[in-house]
Every structure is written in C-alpha cells, then in structure tokens.
Amino acid sequence: MLDFIVVGGGTAGCIVARRLADANFHVLLLEAGGTPPPIQEIPTVTGQFVEQFHPDINFLYKTVPQRKLGFRRINTEAGKMLGGGSTHNSMAYQRGSPIDYDSWAELTGDDSWRYSRILKYYKKSENYMGNYTHSDQHGLGGPMTITSPYFKQRDVWLRAGEELSFPILDSSGPQGIGFSPNENYMSFGRRVSTYSAYIKPVEESYKKKLDIRRYSVVSKVLFEKHVARGVLYHRHGIPRVAMARKEIILSTGPYVSPILLVKSGIGSRQDLDAAKVKPVVILSQVGKNLQDHAIVAIEPFTVTDLSATWNLERNLTFSDIDELLHEGKGYAVISSNAFTYITSKQAQKDNPNWPDLQIVFKFQRRYLNDLGCTVALGRPYSRGTLRFNTTATGMEDDNLPINDPQYFTHPFDMERVVEGIEFCLNVFEGTQAFKKIGAKYAGEPIEECRDTVFRSKDYWACYVQYRVTSLWHTAGTCRMGKSNDREGSVVDSKLRVHGVQRLRIIDASVMPLVTNANTEAPVVVIAEKIAASLVEDHTLVSKQKTDFETEL
C-alpha cells in the first residue's frame, strides 16, 4: 500500500515527493499536466514565445472585474506540468527579507519559521554558483543550481544605485534595501526547475518507490470520519481511487488547494453550501487572505547608446545560439536583469528595514531599442478571496475558481506603487550613469488619463489603474496560523489542516504574508522544511513501532 499521496507535481510537489522517496517511503505523485516540453529549458525562447497563455502547460485564470482597476479582468496563471511554475517562470532566485519569515514565526507562534532557522533548508536546496560563493548564506551540492549570467547592460543600473548611495546586495541572500544583480535557477544556460532538479534524475531508478502519474486530475480527498485516507482522481477520463496509510499532501497551489478542500468538505459554510458538499469541518478562512504581486511597467526609456539595450529581433544571432549550446552562456540565456528593493514611506512607519517594493531593471526587450523599469508591490495591504465556482462544468473546469484579488482596495497600495514609479524615473533621469547613455522617458499620456497632469501623482495613479497586471505570485489562500486556530487560519505551523488528520498543504497558499520577492525560492524552502519534518516524524513512528514489536 502507498505511504503518501502527493497531489500536484509543481514546484513544491516535486520536492516533497523526492524527499519522501529518498527516505524509502512509497509515494504516489499525481500531476494534472505532463512532462515539460524541451523548449522550456531555453530561457529566452520560453520567455518570449511559449510560456504565456498556452493551455497545454498552464492553467489559465482571469480575475473577476477589479473595481479599482477600471473593472478590468486581469490574466493570471499557474503551471500545468511537472515542475509547475518553476518550469515556466523567470527563474529569479530571491528569498525575500528575513523579516518576512520572522513575521511568519510570530503569526504562527512557531520560531522554526524564523529566517535563522530555515536558512539550513535554503542551503540544503542549493548548488550555489552565483556572485557570492564565499558567503555563509549559501550551500553547495544541493539539487537547485543557482548562477548569475553576466550582461554588461545591467552595470549601468548598479552604478546608478551606487550614485544614489545604495549598497549592492546579494539578491539571493537575506534581502535588504539596495540594488542587486540578477541570480537565477539556471545551469549551463538552461532552466533549472524542481522537476529537472529533483525528479528527472531519479525517475527511472526510483520507480519502485515513486509512482508518477501524469494527466491525473484529483477531484476530492476521501475521509473516514475526520481522517484523510485517499483521493478520487480522473486519469484520461477514467475515475480512479488511491489510498495511503500515512498522509495525503496537497501541493496544488494557491488556486487549486482551497478549491480541493471545499470539494472535499472543508471550507466556509457558505462555500460548502454553494458547492452542495457535506461538511467534514468548517474552516472559514479557506480561500481568504489572497495576496498577489501587482506589477506595472514604466516604459519606454529611450537611449542614445544602443549598446545599453538588447532586443531579440535585432541582437539574437546564430553565434548566440552556438554560445548557449556549447558554453552555456550568452544572450540566448537572458532571463531577469537586475533588481532593487526599497521600503516605501508608508511601510517605513512599521519597519524601515522591511522592503515592500521590488523594482526591476529591464534591458532585454523583444521589439524596441529601449529600456524599461517595472514596479512590483511586494507586500500588498489589500486582501482578496478565492471562491468555489458553482457554474464550472467538466473535470478541469471544476478547479477554475472565482478569483478576486481585490487589487488596490487598500488605499496605501496605490500610494506605494506611485512612489515606486517616481523612484524609477529618478534612477533613469537623475543619475549620471543613465545620463551618459542618453536615457529619457519617452512615454506619452495614455488615453484613459488625459484629464490629469502628465507625470503628476494623479496621472501615475490613473496610469496604474489601467496598466497594472499580475506578476503571477498568488499566495495565502490556505494560510498557516497557530495550532487549533480554526477561525484565523487553515493549517497549523506544520501545515496540517485544522480539524482533520493526515492531510497537509505544502505550497504558496500557506503563506500568511507573501514575501517581497519572486515566490519560487520561498516555496522551495517551505517544501524542504516540511518534507524534512515528514521524514523525521514518520521514521520515528516506524522505529517506535518496530521497537515495541521487538519488545513483545
């Protein structure tokens, strides 16, 4: 019989399944998608052409009309293949601020979530070959290789940061206020996903203890009273049941995990009634606390020195492809560029050392000979909801939720993003580093905002309303909290679902507060931490049983 069932082979699911199999537990990994196409390994190609809005490898979601964004519906998505989002994202390796994790510890009453305590799991996951190899913050020999592709264009951004008296920091270390070169989950110019790092190397040799079933869509968790025993799933349209004697682990992400809970009888009474599901346990916070990184691009910034820019149609050559294939470097491997982390004036009132804005410098452009700057709201104050969709039909449609992030419903969020825009403008127009290359903001007033004064705070607030989109970093919909806190959270600090046994959630949905960083690295550390706890707990239980049987 199976020991564990891991539902979802995404960023977290691949890690958990591998670590359990390493400990010789028998694991079933169920994934709704298939194997990533080989082209996903090439960063520039996937970033420009493949990853967005392809239904074979992505779950494609839309928000409900957002009242603070001109009632626009915002596109969001989640990976639908082994490796999940780690197989189609920008590969940016950013942990976030230590204060992000210390806040998790305070909210859960569990000091094991403090940054100083989880650092060992970051090191465990890393094969670090980036800019800071002598730092005690990094590990070597782990599954996830981290490198820092060098492109001279990013130097102008770092020089501008030094002009403005900001330090140059390790973007994949403990986040502080400053400028950082990009570092990526990448090896020899190829993407490193949790599938390629954790599962692919052992898939053949682990077949007896790691059963991977692609194209398997889970419908519900099966309970015996309040104990999770198995799952109902469909594979190639055929209904199947799988049972496990230890635990069921949901790693289906912030969109699907709360919906699976509702379909299994766990959620608010309102959602369970709407879904016509018999309650197993009432947890009012299922689907609440939705957070996402809203992002807005400020562009174009034209320059007189075209060597400071790069675009695919003008610059990508056969020699670049050859350099990628034979040396694992060059412009064909461009992913993210360079980053800056700052604390807005509003957030400084709480803690001046806790960044809440992420600024991204973009020299890679597909069509234009210009530069760009984006502002991401890293710690939104607004909170949204994810609701069960009673109008969905069909197996996969059942997992399409009513997605309402409620962007900018907190008034301080807009104020902070406008501050981030003004920061971008100051870097490009107020530093000698950019003046030397002839940088100039060449944007024109957008039609929707012509009634405001161009480049005023009111203009930028209007601009954000009509140009902001999602960075696809949704989190928080099954938030963790203190033990037995059924009113304020969905899982405890060990990610066990309140009110039931043998059911955990291990993915971005458990974050009580989203980190001021791309969310792949935090999900990796969540998975490594809880996988280690699972192995320790169940190995100890098995040993105790063996000792007891020996004594008898």
Side-chain angles (χ1 to χ4, degrees), residues 90 92-108 110-123 125-126 128 130-132 135-139 146 161 166-185 289 291-295 336 338-360 374-383 412-413 416-417 419-420 423 471 473-476 479-480 493 508 510-526 528-529:
S90 67
Y93 182 39
Q94 302 170 5
R95 296 176 182 174
S97 167
I99 304 172
D100 290 333
Y101 301 96
D102 292 350
S103 71
W104 294 4
E106 292 167 7
L107 289 167
T108 61
D110 184 348
D111 279 349
S112 71
W113 284 106
R114 291 195 177 277
Y115 181 79
S116 60
R117 301 279 294 277
I118 65 167
L119 178 59
K120 62 183 178 181
Y121 298 110
Y122 267 121
K123 291 182 176 181
S125 73
E126 288 182 354
Y128 183 80
N131 294 306
Y132 298 88
S135 169
D136 63 0
Q137 292 289 311
H138 294 297
I146 294 108
F166 283 91
I168 306 302
L169 301 175
D170 176 2
S171 69
S172 50
Q175 184 186 94
I177 298 167
F179 283 54
S180 296
N182 62 306
E183 296 199 323
N184 303 99
Y185 283 120
N289 191 50
Q291 299 158 64
D292 185 22
H293 289 158
I295 187 168
S336 50
F339 298 90
T340 298
Y341 311 99
I342 59 174
T343 309
S344 68
K345 293 175 184 176
Q346 189 60 239
Q348 285 177 11
K349 298 175 184 177
D350 299 324
N351 190 327
N353 298 314
W354 192 3
D356 64 321
L357 293 173
Q358 180 194 77
I359 313 296
V360 185
T374 62
V375 179
L377 181 59
R379 291 195 293 110
Y381 294 154
S382 302
R383 295 291 183 270
F412 291 161
D413 284 353
R416 293 187 291 155
V417 171
E419 185 177 337
F423 181 89
L471 195 50
H473 292 164
T474 306
R479 65 175 296 175
M480 62 174 161
S493 65
V510 305
M511 296 182 188
L513 295 173
V514 68
T515 55
N516 181 49
N518 294 46
T519 50
E520 180 180 357
V523 170
V524 167
V525 85
I526 289 170
E528 285 280 19
K529 179 182 188 297

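- The closest donor-acceptor contact from the side chain of D292 to the backbone of H473 lies under 3.5 Å.
- Ring pair Y101/Y122 is perpendicular by interplanar angle, where above 60° counts as perpendicular and below 30° as parallel.
- Nearest heavy atom pair, residue V375 against residue V417, reads CG1-O, 4.0 Å.
- Here CE of M511 is found 13.5 Å from CG of L107. Values are rounded to the nearest 0.5 Å.
- Nearest heavy-atom pair across G378 and V514 is O-CG1, 3.6 Å.
- In this view, N289 and Q291, R383 satisfy the side-chain hydrogen bond (donor to acceptor under 3.5 Å, both in side chains) rule, not counting sequence neighbours.
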Test side-chain contact (heavy atoms from CB on, under 4.5 Å) applied to K529 and K120, step by step: CA-CA 9 Å; K529 179 182 188 297; K120 62 183 178 181; over 6 Å; no

task: Check the pair Q346 / Y381 against side-chain hydrogen bond (donor to acceptor under 3.5 Å, both in side chains), numbers first and verdict last.
output: CA-CA 11 Å; Q346 189 60 239; Y381 294 154; 5.6 Å; no

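- The aromatic rings of F423 and F166 lie perpendicular to each other, with more than 60° between the two planes, well past the 30° mark.
- Considering CG of L357 and OG1 of T340, their distance stands at 11.0 Å, rounded to 0.5 Å.
- Here the shortest heavy-atom pairing between D170 and S180 reads C-OG, 4.1 Å.
- Annotation: side chain of L377 is in contact with side chain of R416 (closest heavy-atom distance under 4.5 Å).
- The main-chain N or O of Y341 is never found under 3.5 Å from a side-chain atom of Q175 such that the two would form a donor-acceptor pair.
- Classification of the W113-W104 ring pair by plane angle, with boundaries at 30° and 60°, yields perpendicular.
- From T108, atom OG1 reaches atom CZ of R479 across 10.0 Å, with rounding to the nearest 0.5 Å.
- Between atom CG of residue N184 and atom CD of residue E520 there is a gap of 10.0 Å, rounded to the nearest 0.5 Å.
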- prompt: Would I146 and Y185 count as a side-chain contact (heavy atoms from CB on, under 4.5 Å) if you check the C-alpha gap in whole Å, the side-chain angles of each, and the deciding distance to 0.1 Å?
  reply: CA-CA 5 Å; I146 294 108; Y185 283 120; 3.9 Å; yes

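- Counting only N and O atoms by type, the side chains of N516 and S97 include no donor and acceptor under 3.5 Å apart.
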- request: List the steps and the verdict of side-chain contact (heavy atoms from CB on, under 4.5 Å) for R379 and D100.
  value: CA-CA 9 Å; R379 291 195 293 110; D100 290 333; 3.8 Å; yes

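- In this structure a side-chain-to-backbone donor-acceptor pair under 3.5 Å is present from D110 to S112.
- Contact record, L169 with P181: O-CD, 3.7 Å, taken as the closest heavy-atom pair.
- In this structure, the separation between CG on L119 and CG on D136 is 7.5 Å, given to the nearest 0.5 Å.
- Put simply, the side chain of D356 gets close to the backbone of S344: a donor and an acceptor are under 3.5 Å apart.
- Side-chain contact check for Y128 and E183: at least one donor-acceptor pair (N or O, by modelled atom type) lies under 3.5 Å.
- Here the closest non-hydrogen pair linking T343 and Q348 is O-NE2, 3.1 Å.
- Checked by atom type, the side-chain pair Q358/Q94 shows a donor-acceptor distance below 3.5 Å.
- To the nearest 0.5 Å, the span separating CG on D102 from CZ on R117 amounts to 11.0 Å.
- Contact record, S172 with H138: O-CE1, 3.1 Å, taken as the closest heavy-atom pair.
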